[in-house]
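All remarks here apply to the structure that follows.
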Amino acid sequence: MNTILLLNGLVGGVIFGAIYALIGCSLNVLCGVLRVVNFAHGEFIIAGSFLSYVLLTLFGLHPILSLPIVTIAFFLIGFGLYYLLIPRLAKSDEPETSSFLLMFGVSLMMIAAMMWIFEADIRAVEFSFDPINVSLLVIQDAYGEGRDGRVIVPTARLVALGINALLIIVLTYFLYRTLTGKAIRAAIMNREAIQIVGINIHSLSASAFGLAAALAGITGVVLAFVVPSIDPNGGQDISLIGFIIIVLGGLGHPVGALIAGILFGLVEQIATVFLPQAAAQMLGFIILITVIFVRPQGLMGRMTLR
Amino acid sequence: MAKSGTIKPDDFSEEISAQRLKSSLWYTIITVLILSCFLVPLQDGNLSFMFSLMMWVTLATGINFIAGFTGYMPFGYVAFYGIGTYVTAILVKVLGVSEYLAVPAAGLSGILLALLFAPTLRLNGIFFAIVSLSLAVVCQRLMSLLPEEITGGSHGLNLGVATDRTHGYYAMLIIMFVALVSASWLGQSRLGKALKAIRDDPDAADAMGIHVSRVRLYAWIMSAFFAALAGGAQAWFTGALDPITAFDVLITAKTVIYAMAGGLGTIIGPVVGTVTLVWIDEIVWQQFPVLNNFLLGLIITLLILFMPRGVVGSLMQHFPHLRKYIM
Amino acid sequence: MIPKIVLQLKGLNKSFGGLLAVKNVDMLVNESSISGLIGINGAGKTTLMNCISGIYRADSGSLDIMGVSCLNWSPHDIARLGVGRTFQIPRIFKRINLIDNVMVPALNDNTDNKTLYERATECLDKVKLYDLRHNNAEELSGGQQKLLELARIMMFNPRIILLDEPFAGVNPTLCRLMIERIKELKEQGKSFLLVSHDLTSIYQLSDHIYVLNQGQVISEGNVDYVRNDPEVIEAYLGNA
């Protein structure tokens with residue numbers, strides 16, 4: 001019987017892990033290129049969920065079809081938001097800490113706006129796939145002789161995993177094989193040097209902000225496949241998970257975030273199987289704190305503290 | 001290039017009288033504040049409002065010790081406040097200790113927690129902020145995990161009629177007074193100067209013989225102490241608490257905003273910022289309950305973008321002659 | 001009379017990852033003398049300085065200051081042994097005024113406020129920054145910030161002073177003022193380790209010169225010797 005639970009935990013872990021990986025990745029693009037720690041990232045994601053909800057309820061658009069609209073809308077929002085907020089930030093005494101506070105302000109505004117539009121209720125994005133569930137495998141004699149157990153997964157979650165896997169592949173290709181992607185990685189390593197080489201840091205940063213926002217929007221749509229409902233107040237928890245992922249993976253290290261995200265998802269989901277819920281949630285923070293003290297540069301990162 | 005100056009013989013006494021001018025202005029402000037807070041219960045004023053005003057002044061002054069004087073932004077500052085409320089409530093409700101002992105004990109618990117979290121001071125900038133925030137969340141979850149007989153689980157504790165509001169109110173007044181006096185002492189002491197040097201450049205301060213980690217720890221402990229005391233007085237005054245509100249990140253956020261709006265790193269700044277914004281908050285709250293958090297967010301955003309040093313800090317930056325009057 | 005050794009390095013190594021930044025460096029600084037440390041960019045001059053002042057941890061070797069073995073002590077402990085330093089890019093405390101800036105190294109002293117204040121104003125006066133004493137340090141120009149660092153060192157009053165590129169970006173008038181002050185301090189018995197690109201001032205000031213190339217001491221001796229050492233000329237001009 002434990003095998004079934006464990007397998008369920010593993011499958012859940014991979015599905016949630018892929019989402020966490022995506023959250024960490026987009027957050028890390030911001031951290032690396034802009035030195036901005038986006039406290040409002042969770043709210044961007046929730047806003048993505050809400051946009052797909054609106055498109056579904058008003059126009060009957062299936063969430064998968066709303067993906068391109070969400071992507072473009074969020075890219076433009078992110079692009080504009082960069083010019084509105086970030087260039088001024090460089091003038092403050094401690095840009096990193098200020099960015100944290102600034103984005104906290106943005107997150108408060110976004111929560112309030114979403115509460116105003118959607119009220120405090122939680123909403124479900126109601127659509128379904130056929131069949132609703134997929135049975136992945138059958139374990140013989142799991143509950144004793146002749147009582148086989150099944151590892152059952154909702155189709156929507158599998159679709160979410162598929163979209164995520166695809167996104168991760170595209171993103172990795174983009175960052176490591178295309179010119180813009182390489183420029184973004186170069187900017188993560190050295191912001192000053194890249195300007196000397198003749199790259200306009202502002203338009204690059206704005207694109208990075210747009211990219212991160214678009215990824216957050218997509219994550220929101222995908223998240224709506226996986227969780228039963230969306231809550232305007234849920235952004236903060238998502239942001240916190242995002243922070244855990246980027247610190248685990250290494251600040252400014254996109255691939256590190258991918259690995260850390262999947263690891264974290266696995267640990268969390270397997271822990272929920274065996275521990276009470278509050279304890280399982282705490283586990284993530286305890287891992288975070290341990291990693292920070294033992295290996296401040298993150299599991300994969302090589303960045304020093306100074 | 002400045003022309004070769006000559007040192008005036010009475011230079012130091014001039015400096016002393018300049019210091020006196022600064023402190024007399026400051027002491028006028030806190031005397032007015034304390035007197036008006038003192039008189040409210042006698043005149044049947046708005047007790048809850050004045051209580052929260054005093055609490056925010058204490059918290060903003062407390063966070064100034066660490067954020068303003070050393071440049072560390074503790075996003076989990078609420079952890080100390082929360083622990084203070086819980087320690088007070090548990091001592092009063094479960095162990096039957098008098099509030100007069102419970103609140104100082106809460107302050108001590110804040111110091112202990114600060115010592116426990118002290119290793120996080122090794123981290124800088126954003127790492128510190130994230131870890132501090134996570135620690136606050138850990139505390140919150142821990143409180144709801146502990147046995148219900150002690151912390152009341154996720155429902156929290158209710159002290160009911162066991163506590164006297166007016167006494168809690170005056171306890172807060174005393175705590176605020178001690179916090180403000182500590183702040184004025186720090187503003188003029190050598191410790192304060194060392195802390196400001198660390199804020200501006202920790203490596204250089206270290207190379208000049210300042211024991212950076214020890215000095216920073218003092219500020220950290222002071223900060224935590226006042227937050228825990230404020231939490232204790234809050235438990236006394238309201239008589240009820242639960243893990244969600246006691247460890248709400250919004251408490252840290254408001255504290256930071258109030259202190260920052262006035263000017264972190266100055267002594268007057270956090271007080272001015274808090275008094276102004278708490279009044280505005282009160283007015284806005286009554287007019288637009290829905291938009292309250294939106295406006296709060298907007299104020300933070302605008303402050304960071306246009307006035308990162310706060311009202312008092314910006315005034316001092318742009319009008320150097322005002323530095324004579326501001327502590 | 002044999003001069004007293006105040007600072008001695010033996011076989012010091014420091015690497016960053018695979019890069020050996022300082023290789024087996026031996027060095028002596030005598031009391032009341034100025035030792036120059038020159039070398040092209042990336043030779044390891046600043047790294048060596050950071051190892052001495054405790055900002056970096058050296059991998060191996062030994063460091064004796066005033067006869068105390070103090071390799072890898074923390075910066076403030078090294079400072080309390082009597083080592084003061086300036087930084088390549090001036091590191092001033094920007095949001096406090098000049099008097100408070102200068103006072104920082106003496107905050108632990110057991111003196112009363114009046115003496116402290118008077119000493120601080122004296123130090124500021126010596127570098128001609130007295131008139132600006134109530135300004136915040138961030139309002140100074142780059143050259144004035146270097147002077148402020150020098151005033152801070154004078155207030156500190158250490159036995160050994162490490163100066164990292166003190167003349168970089170300072171105009172000739174201020175430069176002469178600094179050289180004058182450095183000579184004065186040397187007369188008072190201070191010992192200097194002076195890192196600079198500016199060979200003219202190094203040649204003018206130093207009693208002994210070390211030449212660093214790729215982390216190793218390739219030549220040492222008095223000014224005339226180093227000037228004419230073919231290896232030094234090769235290191236400076238050969239790669240050009």
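Nothing here was measured: the structure is a model prediction, and the numbers come from that model.
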Within a reach of under 6.0 Å around CD1 of C:I89, are more than 12 heavy atoms found that belong to other residues, nucleotides or ligands?
no
Within a 6.0 Å radius of atom CZ on B:F177, are there more than 12 heavy atoms belonging to other residues, nucleotides or ligands?
no
Side chain to side chain contact (heavy atoms under 4.5 Å, CB included) for C:N113 and B:F12? Distances and angles first, verdict last.
CA-CA 9 Å; C:N113 288 338; B:F12 183 67; 4.1 Å; yes
Roughly how far, to the nearest 0.5 Å, is the CZ atom of B:R190 from the CG atom of C:D109?
7.5 Å
Working to the nearest 0.5 Å, report the span between CG of B:D203 and CD1 of C:I55.
5.5 Å
Measure B:A205 against the heavy atoms of chain C and call it side chain, backbone, both or neither at under 4.5 Å.
both
With chain B, which of C:N135, C:L124, C:T121 has the greatest number of heavy-atom pairs at distances under 4.5 Å?
C:T121
How close do B:G209 and C:N108 get, counting heavy atoms only, and between which atoms?
O-ND2, 3.1 Å
Could you tell me whether a side-chain N or O of B:D206 sits under 3.5 Å from a main-chain N or O of C:H76, the two making a donor and an acceptor?
yes
C:M103 versus chain B, the contacting section by heavy-atom distance below 4.5 Å
side chain
With heavy-atom distances below 4.5 Å as the criterion, would you say the side chains of C:D100 and B:K196 are in contact?
no
As an exercise, state the distance from CD of B:Q317 to CG of C:N136, rounded to the nearest 0.5 Å.
8.5 Å
Where does C:E149 contact chain B at under 4.5 Å (heavy atoms): side chain, backbone, both or neither?
neither
Using non-hydrogen atoms only, which part of C:L81 is less than 4.5 Å away from chain B: side chain, backbone, both, or neither?
neither
Rounded to the nearest 0.5 Å, what separation is found between the CD atom of B:E14 and the OH atom of C:Y117?
8.0 Å
For chain C, find which of B:I210, B:D201, B:I16 contributes the most heavy-atom pairs closer than 4.5 angstrom.
B:D201
Heavy-atom proximity to chain B below 4.5 Å, by part of C:A106:
backbone
Above 12 or not: heavy atoms from other molecules or residues under 6.0 Å from CZ of C:R80?
yes
Hey, what do you get for CZ (C:R91) to CE (B:M208), rounding to the nearest 0.5 Å?
10.5 Å
So which heavy atom on B:A207 is nearest to which on C:P75, and how close?
N-CB, 4.3 Å
Go through the atoms of C:I96 and report whether side chain, backbone, both or neither lie under 4.5 Å from a heavy atom of chain B.
both
I want to check something: taking the side chain as every heavy atom from C-beta on, are B:E15 and C:K114 in contact at a cut-off of under 4.5 Å?
no
